[in-house]
Each structure stands twice: as structure tokens, then as C-alpha cells.
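Take a look at the structure set out below.
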2 protein chains.
Amino acid sequence: MPDQPRVRELNRSRYAVLGALTLGPKSGYDLRQFFSRSVGFFWSESFGQIYPILRTLSAEGLIEAEPATNERRRPYRITEAGRAALKQWLEQPPVMEVGRIEVLLKLFFAGEASPAVAFDHLQVVRNEHMQRLERYAQVADRLDTELADHAQVVYWRLTLDYGRRTSEALLAWCDAAEAALREATGGPVLR
Amino acid sequence: MPDQPRVRELNRSRYAVLGALTLGPKSGYDLRQFFSRSVGFFWSESFGQIYPILRTLSAEGLIEAEPATNERRRPYRITEAGRAALKQWLEQPPVMEVGRIEVLLKLFFAGEASPAVAFDHLQVVRNEHMQRLERYAQVADRLDTELADHAQVVYWRLTLDYGRRTSEALLAWCDAAEAALREATGGPVLR
DNA sequence: GCCTGCATGTAAACGGTTACATGATTCG
DNA sequence: CGAATCATGTAACCGTTTACATGCAGGC
């Protein structure tokens with residue numbers, strides 16, 4: 001039996017890069033900005049990943065360097081083979097991993113600390129999601145105006161809505177959680 | 001300036017183990033079960049982490065091996081120093097990292113695949129969260145009955161509610177997303 | 001006595017971030 | 001000219017999962 005052909009093939013970062021390049025040629029720097037700006041709320045990549053990936057994808061013929069420009073950035077463009085590889089990955093069912101949520105770990109054991117600690121942590125969550133909702137609103141604006149005619153905008157709105165709905169649900173959760181804690185610890189906490 | 005004292009100190013797995021041991025002595029095997037059963041929906045640890053951590057925590061005096069029993073499991077108990085270390089960690093503000101959500105990455109670029117792919121992925125999400133809601137309901141039952149008198153139950157309910165609310169929000173999102181896709185791709189998709 | 005499952009443990013591989021190195025360009 | 005910033009790139013480190021190794025207990 002010859003060499004058991006690795007079943008793995010996770011490498012999601014490779015496909016994240018390929019996907020980003022379907023929106024037009026990008027340099028490593030451009031990619032970093034794309035990941036921190038456009039899809040930052042559900043995906044991120046660091047330089048330490050991006051540049052090596054660009055090199056290997058290029059070696060595999062899935063992307064290729066743009067003809068030299070006089071700019072400092074050196075952009076890559078996705079090839080037909082790259083599009084095919086991306087498409088094949090997109091078609092695989094998504095892996096639904098359970099993320100680690102540090103704040104829940106701290107709340108689960110919050111009885112070991114003083115009661116005010118739980119309230120503080122809830123406040124952090126509230127602030128975080130209020131900020132996220134602000135950003136989502138800004139992005140929604142752009143989707144409705146300058147990007148409204150783009151063929152893929154339906155999908156982008158969809159991912160944005162995922163973020164919006166979870167943040168709203170978690171703000172409601174903060175309210176309920178604080179109420180429950182006030183109930184349990186007796187009266188509002190003064191600090 | 002002498003030797004810049006490492007600011008890091010993440011090591012959340014250590015504190016997850018310490019926290020678990022506040023609920024009573026546990027062996028490595030017990031811990032694994034605790035992580036996959038009780039807090040599995042927001043935290044997990046593998047054997048590869050647990051056993052080395054038990055060794056180092058023990059060496060640091062934060063936990064200690066239980067006096068020998070004739071059982072096969074070798075449980076550890078948290079020490080006072082361990083409780084203090086845990087408390088100190090619990091009091092630090094939680095790190096609100098943005099998790100990577102693979103299914104959103106696939107949906108964001110779903111325009112590169114055929115339209116039916118997005119519907120399939122949404123179905124996976126729906127199934128996942130329906131299952132989670134079932135599990136949450138079971139756990140809620142136990143919290144209201146056999147565990148109802150435990151001092152920390154208020155915190156446990158709180159974390160459970162986090163899961164329940166997000167799953168409900170995401171089921172609603174699935175509905176909305178499918179409606180939007182039917183709209184955009186014209187009529188329901190038959191497959 | 002042998003097989004299956006329980007329980008502990010370790011090594012290797014992996015994916016990712018962080019920190020650092022380097023040069024080029026722009027601006028005061 | 002010097003400083004700050006842009007852009008590419010690499011090396012080290014870290015946390016985590018996976019796979020494997022080992023031994024013991026209980027049941028056929």
C-alpha cells in the first residue's frame with residue numbers, strides 16, 4: 001500500500017489568501033490590511049503567515065507575481081488553478097469548531113473571586129460589543145452605497161449580519177447576567 | 001535597566017485546570033471529562049496539555065497529589081497557593097480575542113462557488129446550533145434540580161445562557177440568510 | 001490467557017503570533 | 001541630513017492537537 005496520502009489538508013490560511021486575491025491583486029501588505037479591515041471580525045492573518053504563504057502558493061502556481069510596477073508593493077494575482085483550488089475548498093463542509101471564550105471561563109469560576117469581578121468582566125464584554133456594533137454600522141453603510149453593485153455583496157452582508165446579531169444577543173445577555181447577579185448577590189453592587 | 005521581566009503570562013490552560021480542581025480533586029482523566037462535558041461548549045483541553053500541566057502545577061505547589069487510593073486514577077487537589085494564583089488570574093480583565101469562524105470565511109467568498117454551496121453551509125450551521133440548544137436544555141435541567149443548591153450555580157447558569165442566546169441568534173440568522181440568498185439568486189434552490 | 005477498554009503519559013507536528021532585521025521612501 | 005514610516009521578510013517561541021506508547025484491570 002503506497003504511502004497513505006495525508007487526509008489533513010486544513011491550511012485555512014492559504015485559502016483565506018486565495019480568497020482575498022479573488023477581489024483583485026494584492027501585496028503582502030495589502031493582504032494584511034484586507035484581513036484586519038474587511039474581514040477582521042471573523043478572520044485574521046499576521047505577516048508571519050502571509051509572506052511564507054505567498055511564496056508557496058506562487059511556487060505551486062496558484063498565484064503569480066504581477067508584472068513589475070515601480071511601486072514598492074509587490075502584488076500577486078490569483079491564477080485559474082488558484083481559483084479552482086479555492087472553489088474546491090469552498091465546497092467542503094465547514095468545520096464547526098468550538099472556540100475558547102476566556103471571559104466565560106473566568107465567569108464560570110467567578111465564585112472564587114470577589115463578586116465585583118464578574119460585574120467588571122461583563123462590562124468589558126458590553127464595551128467590546130458596543131464598539132463592534134458601531135463598526136458594523138459603518139460597514140453596512142459602505143455595503144449599501146459604494147459597494148452596493150458588487151456581485152458578491154449579498155454574501156458580505158450575510159457575514160456582517162452574523163456579527164451584528166451575535167453582538168446584539170450578547171448585549172442582551174450582559175443585561176440579563178447583571179440582573180441575575182444583582183439578584184444573587186443582593187442589591188446593586190457599589191464599588 | 002535590568003532584564004525586562006516577561007509581560008506575557010497567558011497560560012490559560014493552567015488556570016482552566018486550577019479552576020476545575022476547585023470543584024473537587026480530579027485526575028487527568030477526570031479533567032478531560034470535565035472539559036469535554038461541563039464546559040465543553042466554551043473551553044476544551046486535550047490530554048497532551050493536561051498531564052504536563054498537572055506535573056508543573058504540582059512542582060510549583062499549586063496543586064498536590066491526593067493521598068494514595070487503590071483506584072487507578074491519580075487525583076490532584078488544589079492547594080491554598082493554587083487558589084490564590086487562580087483568584088489573581090480571575091481578577092485580570094478578560095482578553096476579548098476575535099475567534100476565526102471558518103464558515104464565515106467560506107460564505108464571504110461563496111460567490112466563487114456555485115450558489116447551492118452557501119445553502120449547504122447554512123444548513124450545517126443550523127444543525128450545529130439546534131444540537132447545541134438541545135444540550136443546553138439538558139444542562140439547564142440539571143442546574144435547576146440536582147445542582148440548584150450549589151453556591152456557584154448562578155455563574156454556571158450565566159455561562160449557559162451565553163451559549164443559549166448565541167445559538168438562538170444564529171438560528172434566526174440562518175433563516176434570514178437563507179431568505180436573503182433566495183431573494184438574490186432568484187427563487188428557492190432545488191437540489 | 002487474551003482481548004478490550006481505561007488511564008497515564010510523551011513526542012512530533014502544526015498553526016500561529018511576536019519580535020526582530022533590513023532596506024527603501026517620505027517628510028520635516 | 002535624520003527620523004519616521006512603509007513594506008518585505010525571517011527566526012524563535014508558544015500553545016495545542018494528534019498520534020503513539022505503555023501498562024493495568026476486568027470480562028470472556
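Chain letters run A, B, ... following the sequence lines, proteins first, then strands; residues in each count from 1. Values below: all heavy atoms of this structure, side chains included; hydrogens, waters and symmetry mates excluded.
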- Item | Atom-to-atom span, NZ of B:Lys26 to P of C:dA7 - whole angstrom | 14 Å
- Selection from D:dT8, D:dT16, C:dG16 that lies nearest to any side-chain heavy atom of A:Tyr29: D:dT8
- Please determine which of B:Arg126, B:Gln131, B:Arg132 meets the side-chain hydrogen bond (donor to acceptor under 3.5 Å, both in side chains) test together with B:Glu128. B:Arg132
- Below 4.0 angstrom from OP1 or OP2 of D:dG15, is there any side-chain N or O of B:Asn11? yes
- Message: Less than 4.0 angstrom from a charged side-chain N to a carboxylate O is my criterion; do A:Glu45 and A:Arg12 meet it?
- Response: no
- Query: If you look at every strand shown and take non-hydrogen atoms under 4.0 Å, does B:Arg74 touch a base, only sugar-phosphate, or nothing?
  - Reply: sugar-phosphate
Taking only distance into account, with no hydrogens and no angle test, what donor-acceptor pairs under 3.5 Å do side-chain atoms of residues 34-42 of chain A form with protein atoms, sequence neighbours excluded?
{"residue": "A:Ser36", "atom": "OG", "partner": "A:Arg32", "partner atom": "O", "Å": "3.2"}
{"residue": "A:Ser36", "atom": "OG", "partner": "A:Gln33", "partner atom": "O", "Å": "3.4"}
{"residue": "A:Arg37", "atom": "NH2", "partner": "A:Gln33", "partner atom": "OE1", "Å": "3.4"}

- Message: Can you confirm whether more than 12 heavy atoms, excluding those of A:Gln88, are under 6.0 Å from its CD atom?
- Response: no
- Item | Any B:Ser27 side-chain N or O less than 4.0 Å from OP1/OP2 of C:dA7 | no
- Starting at atom CG of A:Leu31, determine the distance to atom P of D:dG9, rounded to an integer number of angstrom. 12 Å
- Please state how far atom CG in A:Asp30 lies from atom P in D:dA7, giving the value in whole angstrom units. 8 Å
- Kindly state which residues belonging to residues 38-52 of chain B come within less than 4.0 angstrom of DNA chain D, counting heavy atoms of the residue only, listed by number. B:Ser44, B:Ser46, B:Gly48, B:Gln49
- Note on the structure: note: A:Glu97, atom CD; D:dG15, atom C1'; distance rounded to Å ~ 16 Å
- Message: Output the rounded distance in Å from CZ (B:Arg32) to P (C:dC6).
- Response: 14 Å
- Contacts satisfying ring-ring contact (aromatic ring centres under 6.0 Å, His included) that involve residues 161-185 of chain B (not counting sequence neighbours) are A:Tyr162-B:Trp173, A:Trp173-B:Tyr162
- At under 4.0 Å, does any side-chain N or O of B:Arg72 touch on OP1 or OP2 of C:dC6? no
- Any Lys/Arg nitrogen of A:Glu66 or A:Arg77 sitting under 4.0 Å from an Asp/Glu carboxylate oxygen of the other? yes
- Starting at CZ of B:Phe35 and ending at P of D:dG15, how long is that distance when rounded to a whole Å? 16 Å
- Does OP1 or OP2 of C:dG16 have a side-chain N or O of B:Arg100 closer than 4.0 Å? yes
- Item | Length of the CD1-C1' vector between A:Ile53 and C:dG15, whole Å | 9 Å
- Query: How close or far is atom P of C:dA7 from atom CD of B:Gln33, stated in whole angstroms?
  - Reply: 7 Å
- Task: Say whether A:Leu147 and A:Tyr136 are linked into one hydrophobic cluster, either directly or through other cluster members, by side-chain heavy-atom distances under 4.5 angstrom.
- Result: yes
